[in-house]
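Everything below concerns the one structure shown next.
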Protein chains: 2
Amino acid sequence: MNIGDVAKQAGLPAKTIRYYEDIGLIKPLRDTNGYRAFRPSDVHKLVFLARSRALGFTIEDCRALLALWEDQDRASADVRAIAKEHLSQIETKIADLESMRSTLSDLVRDCAGDSRPDCPILQKLENFPAGQTQ
Amino acid sequence: MNIGDVAKQAGLPAKTIRYYEDIGLIKPLRDTNGYRAFRPSDVHKLVFLARSRALGFTIEDCRALLALWEDQDRASADVRAIAKEHLSQIETKIADLESMRSTLSDLVRDCAGDSRPDCPILQKLENFPAGQTQ
DNA sequence: CTTGACCCTCCAGTGACTAGAACCCCCATA
DNA sequence: TATGGGGGTTCTAGTCACTGGAGGGTCAAG
């Protein structure tokens, strides 16, 4: 199977698939003309990768998950540990973003948004306490 | 004022401040020894930048906000537009992360986390519909 | 005079791609 | 047979917002 078809099946851009080969996540064979020749197992892995990435796992998480996925003797707990760690990172991010949202929506609410030069948003950006997350 | 003191005042690493100079956000003077010499207005700008960045504005947003901040004749509406756009991006991100969280926490909940090799997380990563945000 | 804290520049790396250039390969049509 | 289009290939460099490190200069105190 060529890269274009695989890209459709996995829902990933061809560029991304080449990149995944570069960094060693997949190792497709090659045809005599140099084209990548994807086996069903490669496609399967790419689908797995697409889904894991969509859930926000990092590439290194994905690498670990793939290794566990391929290991018949892995412990369920190993996978769970990765997922739990990731989940807690997601929860931290959500909390950060919610605090940003609340500050920002206060600012926007207080701003008349007219043509006068005095803007409460800029005033608050000068004055509210800094040092939040990113 | 030297960069170390400014860093403390603004709550930014010195490296970041140098970077902000590199990309033209600030233009501190120089002492004869080559050290950056920050005026109060530079410090003020850096505080503003730290706060805007803490609220998740991109550097380019910050550049625009700084320009408006310095422009006596700006319209309040311009600032509000940037803030509103940013707010809606934050809200999209939160929604994305919440959908990740709900899927992931389902997965984690269903996983015994023991030493058996069958793991529902990996099974679901093979099977649930892909194509979410990132 | 030395030590240690501070400052400087420049280069490279991060994560996860993405854009683009310059090229090769294959098939169908005129 | 040319040619056009749609694949494929490699390579380099760019993205964003820093961050780390090497290798050095400056300054104040002891």
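The shown structure was predicted, so the numbers you read here are calculated from the model rather than taken from an experiment. Every heavy atom of this structure was used, including side-chain atoms; hydrogens, water molecules and symmetry mates were not. Residue numbers start from 1 in every chain, and the chains themselves are labelled A, B, ... in the order their sequence lines are given, proteins ahead of strands.
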With a 3.5 Å distance limit and no angle check, can you tell me whether Asp42(A) reaches the backbone of Arg39(A) through a side-chain donor-acceptor pair?
yes

Quick one: which of dC17(C), dC8(C), dT9(D) gets closest to the side chain of Ile3(A)?
dT9(D)

Any side-chain heavy-atom pair of Phe38(A) and Asn2(A) under 4.5 Å
no

Strand-adjacent residues in residues 18-27 of chain B, judged by heavy atoms under 4.0 Å from DNA chain C:
Arg18(B)

Let me see the working for Ile82(B) and Leu68(B) under side chain to side chain contact (heavy atoms under 4.5 Å, CB included), right down to the final yes or no.
CA-CA 11 Å; Ile82(B) 294 174; Leu68(B) 291 170; 3.9 Å; yes

Within this structure, what is the CG-to-C1' distance between Leu12(A) and dT18(C), rounded to whole angstrom?
14 Å

With side chains defined as the heavy atoms from C-beta onward, is the minimum distance between Arg101(A) and Leu87(B) less than 4.5 Å?
yes

5'-most by nearest nucleotide on DNA chain D - Thr32(B) or Asp5(A)
Asp5(A)

From OH of Tyr35(B) across to C1' of dA5(C) the rounded distance in Å is 9 Å

Rounding to a whole Å, what distance do you find between Leu46(A):CG and dC17(C):P?
12 Å

Identify whether the distance between the nearest side-chain nitrogen and carboxylate oxygen of Glu60(B) and Arg53(B) falls below 4.0 Å.
no

If the threshold is 4.0 Å, N to carboxylate O, is there a salt bridge linking Glu21(B) and Lys27(B)?
no

Could you pull out every donor-acceptor pair under 3.5 Å between side chains of residues 9-20 of chain B and any protein atom, sequence neighbours left out?
none

Integer-rounded Å distance: dC16(D) C1' and Glu60(B) CD
10 Å

For dG8(D) and Arg36(A) - does any side-chain N or O of the residue sit under 4.0 Å from the phosphate oxygens OP1/OP2?
no

N or O in side chain of Thr16(B) less than 4.0 angstrom from dT19(D) OP1/OP2
yes

Is Asn33(A) close enough to dC24(C) that one of its side-chain N or O atoms is under 4.0 Å from OP1 or OP2 there?
no

Is there a donor-acceptor pair closer than 3.5 Å between any side-chain N or O of Thr92(A) and the backbone N or O of Ser88(A)?
yes

So Phe57(B) and His86(B), would you call those rings parallel, tilted or perpendicular, with 30° and 60° as cut-offs?
tilted

Interatomic distance, Met1(A) CE vs dG7(D) C1' [rounded to whole Å]:
15 Å

Pairwise 5' ranking along DNA chain C for Lys8(B) and Arg30(B), keeping only the more 5' one:
Lys8(B)

Can you give me the dot-bracket string for DNA chain D, 5' to 3', counting Watson-Crick and G-U wobble pairs with both distances under 3.5 Å, using [ ] for crossing pairs and | for partners on another strand?
||||||||||||||||||||||||||||||

Protein-nucleotide distance (Asn2(B), atom CG; dC27(D), atom C1'), rounded to Å
10 Å

Rounding to a whole Å, what distance do you find between Asp31(A):CG and dG8(D):C1'?
11 Å

Quickly work out the Lys15(A) NZ to dA21(C) P distance and round it to whole Å.
11 Å

